[in-house]
Amino acid sequence: MLITKTYHDVSSKLSNERPIRIFVISPVVPGYPQAKFPGVVCFSEIYQVTGPVERFAGQIASHGYIVACPSSFHEFEGPDPIPYDAEGTDRGNRYKIEKTVEAYDEDATLTIDLLTSLPGCNGRIAATGMCLGGHLAFRAAFDARVLSSVCFFATDIHCATLGRGKKDDSLERVRKGDMTGKGELVMIFGKQDTHVPRSGRDLIRTTLEDANVPCSFLEVQAQHAFIRDESSKGRWDAALTRSLFTFMLEVFERTVGRDLGPRIDEKEKLEHVC
C-alpha cells in the first residue's frame, strides 16, 4: 500500500508541559477515503525517530496499519533524530535515566489516545519497539487497549534500571498480575546481545511464564540492534530482520488485523496425541 506521513504535537502534563511530537505514517488506498485500519505504536531507540525507525514504521504502515512514533525525549530537546555517534549515544543514555517512568507511560497513553482518535483508525492497537523502545512496548502491554506487543531486544527490563533513579517496576508489575489476561507478547533477543545477558533473558521469560502471560520468546543468533539498517556498527542482519518482521506481521494480523469479538477463555483441555 501507499503511505503518507504527518505529525501531531500533543500536550503532556508530566514532561515539563512540553508537547510530544508523534509522527504518524498511514496507509492509503486510492478510491477509499473512509478506509479504517488498526493502529501500531512504534517506540524508538535512545536516538528518537531516526531514519531506520521511520523506515521500519513505514514498512508496517504499508501492510495496512496506522503507525504512530512518539519522540521519547521531548522534555529535553526537539523531535529531531539524535545522531548515532558517540556524543549522541551519551546524550540518549543520559536522557533515558533522567526521564521518569511515569513520563514514559504518559507518552504511551497519549500516543494510544491519538491513534484511537484518528478517523482512519478502527481502534484496535498493537505496539512494537527496539532497544529502549522494546522496553516501552513491553510496558505498553499493561494498557488493556494494546492487544499485542512485539519487543525487539528490550533493554533494562531484567535489571529494572529504566528511568530516573534507574529503578523501574516493569517485572514487578508483571508479578503482580498487571499484564495477565491482557494482550499477547513477543520478546525477541539476540543471543550475542551484550545488553541483555542470558541470565537476564531467563529472568524475563520465567517471570512472564509464572504470571501466565501469553508470550512467544525468541532467541536468535544476533547481536544488539541487529534490525538497524544504518550505523549498526556491523550488527545489521537484513535476512534475519526480514524473517522476524514477517513473524511480527503474523502476530499483528491475528490480534489486531481483524475484529474477532471478545475473547472467551474456554480452558479447553489439550489432548496428548502424536
Side-chain angles (χ1 to χ4, degrees), residues 7 15 20-25 40-61 67-99 101 103-105 107-108 111 126-141 149-159 161-164 166 168 170 186-190 192-196 200-201 204 220 222-238 240-241 244-245 248:
Y7 65 83
S15 305
I20 176 173
R21 176 158 295 182
I22 303 172
F23 296 90
V24 177
I25 307 176
V40 175
V41 183
C42 182
F43 296 98
S44 70
E45 313 161 281
I46 59 170
Y47 306 98
Q48 301 213 102
V49 183
T50 59
V53 174
E54 182 179 324
R55 288 190 288 274
F56 183 78
Q59 289 184 64
I60 298 172
V67 184
C69 305
S71 301
S72 292
F73 296 140
H74 55 104
E75 299 90 340
F76 311 112
E77 60 176 75
D80 292 337
I82 296 174
Y84 282 119
D85 58 18
E87 186 279 330
T89 299
D90 290 343
R91 195 192 330 166
N93 278 322
R94 184 175 72 251
Y95 291 160
K96 183 179 71 170
I97 58 174
E98 289 180 359
K99 180 166 180 155
V101 172
Y104 283 119
D105 290 344
D107 290 352
T111 306
T128 189
M130 63 290 293
C131 191
L132 163 66
H135 193 156
L136 299 182
F138 182 92
R139 291 188 65 87
S149 290
V150 179
C151 311
F152 289 88
F153 40 88
T155 53
D156 301 309
I157 296 177
H158 68 288
C159 52
T161 53
L162 177 65
R164 186 180 300 171
K166 300 178 72 173
D168 68 70
S170 297
V186 178
M187 305 299 295
I188 301 172
F189 291 103
Q192 289 78 47
D193 189 335
T194 59
H195 294 258
V196 189
R201 301 193 303 270
I204 296 169
V220 296
Q223 299 181 60
H224 192 71
F226 66 86
I227 67 172
R228 189 199 300 161
D229 65 3
E230 176 186 322
S231 302
S232 71
K233 304 177 178 68
R235 298 171 294 182
W236 179 40
D237 189 325
L240 182 58
T241 298
L244 292 172
F245 188 86
M248 176 182 67

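This is a predicted model, so every value here is computed, not measured. One-based numbering along the sequence shown.
Centroid-to-centroid, the aromatic rings of Phe152 and Phe56 come within less than 6.0 Å. For Tyr95 and Phe76, the ring centers sit closer than 6.0 Å to each other.
Rounding to the nearest 0.5 Å gives a distance of 15.5 Å between CZ of Arg164 and NZ of Lys96. In this structure, OG in Ser72 is found 6.5 Å from CD in Gln48, a value given to the nearest 0.5 Å. Rounded to the nearest 0.5 angstrom, Ser71 OG and Ile22 CD1 are separated by 8.0 Å. With rounding to the nearest 0.5 angstrom, the CG atom of Asn93 is 7.0 Å from the OG1 atom of Thr89. Separation of atoms CG (Leu162) and CG (Leu136) is listed at 6.5 Å; rounding is to 0.5 Å. Atom-to-atom distance recorded for Leu132:CG and Thr155:OG1 is 6.0 Å, nearest 0.5 angstrom.
Minimum heavy-atom separation, Phe43 to Ala108: CZ-CB, 3.8 Å. Taking all atoms of both residues into account, the shortest heavy-atom contact from Ala137 to Ser149 is O-OG, 3.1 Å. When every heavy atom of Pro81 is checked against every heavy atom of Val49, the shortest pair comes out as CG-O, 3.4 Å. In plain terms, the two heavy atoms of Gly163 and Val101 that are nearest each other are CA-CG2, 4.1 Å. For the residue pair Ala103 and Glu75, the shortest heavy atom distance occurs at CB-OE2, 3.7 Å. Between Ile46 and Ile82, the shortest heavy-atom distance links the atoms O-CD1, 3.6 Å.
Both cation-pi conditions hold for Lys99 and Tyr104: the charged atom is under 6.0 angstrom from the six-membered ring centre and inside a 45 degree cone around its axis. In this structure, Arg235 is not positioned above the aromatic face of Phe226 in the sense of NZ or CZ being under 6.0 Å from the six-membered ring centre and within 45° of the axis.
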List the steps and the verdict of side-chain hydrogen bond (donor to acceptor under 3.5 Å, both in side chains) for Tyr84 and Thr50. CA-CA 9 Å; Tyr84 282 119; Thr50 59; 2.7 Å; yes
Test side-chain contact (heavy atoms from CB on, under 4.5 Å) applied to Tyr7 and Arg21, step by step: CA-CA 7 Å; Tyr7 65 83; Arg21 176 158 295 182; 3.3 Å; yes
So Leu244 and Ile227, side-chain contact (heavy atoms from CB on, under 4.5 Å) or not? Walk me through it. CA-CA 9 Å; Leu244 292 172; Ile227 67 172; 5.6 Å; no
side-chain contact (heavy atoms from CB on, under 4.5 Å) for Val41 and Thr128? Distances and angles first, verdict last. CA-CA 6 Å; Val41 183; Thr128 189; over 6 Å; no
Kindly determine whether Phe138 and Ser170 satisfy side-chain contact (heavy atoms from CB on, under 4.5 Å), including the steps that lead there. CA-CA 8 Å; Phe138 182 92; Ser170 297; 4.0 Å; yes
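Counting heavy atoms from C-beta on, the side chains of Asp193 and Gln223 never come closer than 4.5 Å. Between Val150 and Met187, the closest side-chain pair of non-hydrogen atoms is not below 4.5 Å. By the 4.5 Å heavy-atom criterion applied to side chains, Glu230 and Arg55 are counted as neighbours. With a 4.5 Å cut-off on side-chain heavy atoms, Val186 and Met248 do not count as touching. Counting heavy atoms from C-beta outward, Pro79 and Phe23 have side chains that approach closer than 4.5 Å. The shortest distance between side-chain heavy atoms of Arg91 and Tyr47 does not fall below 4.5 Å. Side-chain atoms of Phe189 and Val220, non-hydrogen and from C-beta on, never get closer than 4.5 Å to each other. For the pair Phe153/Cys131, a side-chain contact is recorded, criterion being any heavy-atom separation below 4.5 Å from C-beta on.
Although no hydrogens or angles enter the test, the distance criterion places no donor-acceptor pair under 3.5 Å between the side chain of Arg201 and the main chain of Ile204.
Between the side chains of His224 and Thr194, no donor-acceptor pair is found at a separation under 3.5 Å. His195 and Asp156 share no side-chain donor-acceptor pair at under 3.5 Å.
Other residues, nucleotides and ligands contribute over 12 non-hydrogen atoms within 6.0 Å of the CZ atom of Phe245.
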